[in-house]
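Okay, so here's the structure we're looking at.
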There are 2 protein chains.
Amino acid sequence: MQKTDLPQGTLDLLILKVVAVEPVHGYAIAQRLDQVSRGVVQVPEGSLYPALHRLENRGLLTADWKQTESGREAKFYSLTRKGRKQFEADSANWARLIQAVGLILGMADGGTR
Amino acid sequence: MQKTDLPQGTLDLLILKVVAVEPVHGYAIAQRLDQVSRGVVQVPEGSLYPALHRLENRGLLTADWKQTESGREAKFYSLTRKGRKQFEADSANWARLIQAVGLILGMADGGTR
DNA sequence: GTCAATATATAGAAGAGCGAGGTATAGGCT
DNA sequence: AGCCTATACCTCGCTCTTCTATATATTGAC
């Protein structure tokens, strides 16, 4: 069905993280996610660009057209102050949730095997 | 908004886990998730019951009406063999994904602070 | 007799993600 | 010149999950 099957809502967090490292354009974001996750996170363009527009509309990112190293025009996204705050909140929330899921998955399974 | 905002798609995994421990009815599933996660995972009924029907339709759960300890009728769900397989697959996939997200969130942030 | 907790259910809306298309440029090859 | 690949952007329409709100019925306590 899908490529990565990343839990819905997680993509925004990952995008914010990549942009937090340094301003990048959309195409490069997808490449970095792929590389750093060792091929696990592969974001199709039909998910990526709507997500970027969403984050921009929410005031978490700003975009500027600049030249890439290879001489092409591309939209470079940067984090706003609001974006950084949101990232920190989302990041903490993510940690809290996966810890909770860990608790549940770690439940004793009373003879399941 | 005190609700959980669990990443979409995760609910099925958690339900399968709770049911894997022992057959339980829907209402009890929500209570267990709440208790074991220490209040972090609070599933509203409008999410829970559709999810249960979905899992039943997919052949991962079976339901039987039985009496609870308190003497009421309730639908007790059990894992099918297919359900157990699916749980194991989903569980492994979850581990793979949070590891990938961990890699990304752990990226060097070149002077973010 | 009424209130809270238990227990199930559905309808409607919101929102995310994806597949499939489309545009355009740069560089290499033949 | 013509073609292909990689880069870089975009949007429409569909599916799926989840939430809000609402509805029903039973039990035990006050």
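Atoms considered below: every heavy atom in the structure, side chains included; atoms not considered: hydrogens, waters and symmetry mates. Below, chains carry the letters A, B, ... as their sequence lines are ordered, and counting in each starts from 1.
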Residue [X], side-chain atoms from C-beta onward, closest of [options]:
| X | options | value |
| --- | --- | --- |
| B:Leu11 | D:dT18, D:dC9, C:dT6 | D:dT18 |
| A:Lys75 | D:dC19, D:dC9, C:dA16 | D:dC9 |
| B:Arg72 | D:dA8, C:dT10, C:dA7 | C:dA7 |

Taking only side-chain nitrogens and oxygens of [X], does any of them come within less than 4.0 Å of OP1 or OP2 of [N]?
| X | N | value |
| --- | --- | --- |
| B:Ser70 | C:dA5 | no |
| A:Arg54 | C:dG15 | no |
| B:Thr68 | C:dA7 | yes |
| A:His53 | D:dC9 | no |
| A:Tyr49 | D:dC10 | no |
| B:Tyr27 | C:dT6 | yes |
| B:His25 | C:dT6 | no |

For this session: Flag yes if more than 12 heavy atoms outside A:Gln31 fall under 6.0 Å of its CD atom; otherwise flag no.
Result: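 More than 12 within 6.0 Å, yes.
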Exercise. How about B:Glu73: does its CD atom have over 12 heavy atoms from other parts shown lying under 6.0 Å from it?
Worked result: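 Counting other residues, nucleotides and ligands, CD of B:Glu73 exceeds 12 neighbours.
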Exercise. Does the side chain of A:Leu60 come within less than 4.5 Å of A:Val19's, by heavy atoms?
Worked result: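 A side-chain contact under 4.5 Å is absent here.
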Problem set entry | Within-4.5 Å side-chain heavy-atom neighbours: A:Leu79 and A:Leu61 |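 Answer yes - side chains close enough.
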Exercise. Which whole-number value in Å describes the distance from A:Asp5 CG to C:dA16 C1'?
Worked result: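 Roughly 13 Å, once rounded to whole Å.
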Problem set entry | Pairwise 5' ranking along DNA chain D for B:Glu45 and B:Ala51, keeping only the more 5' one |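 Going by which nucleotide is closer to the 5' end, it is B:Ala51.
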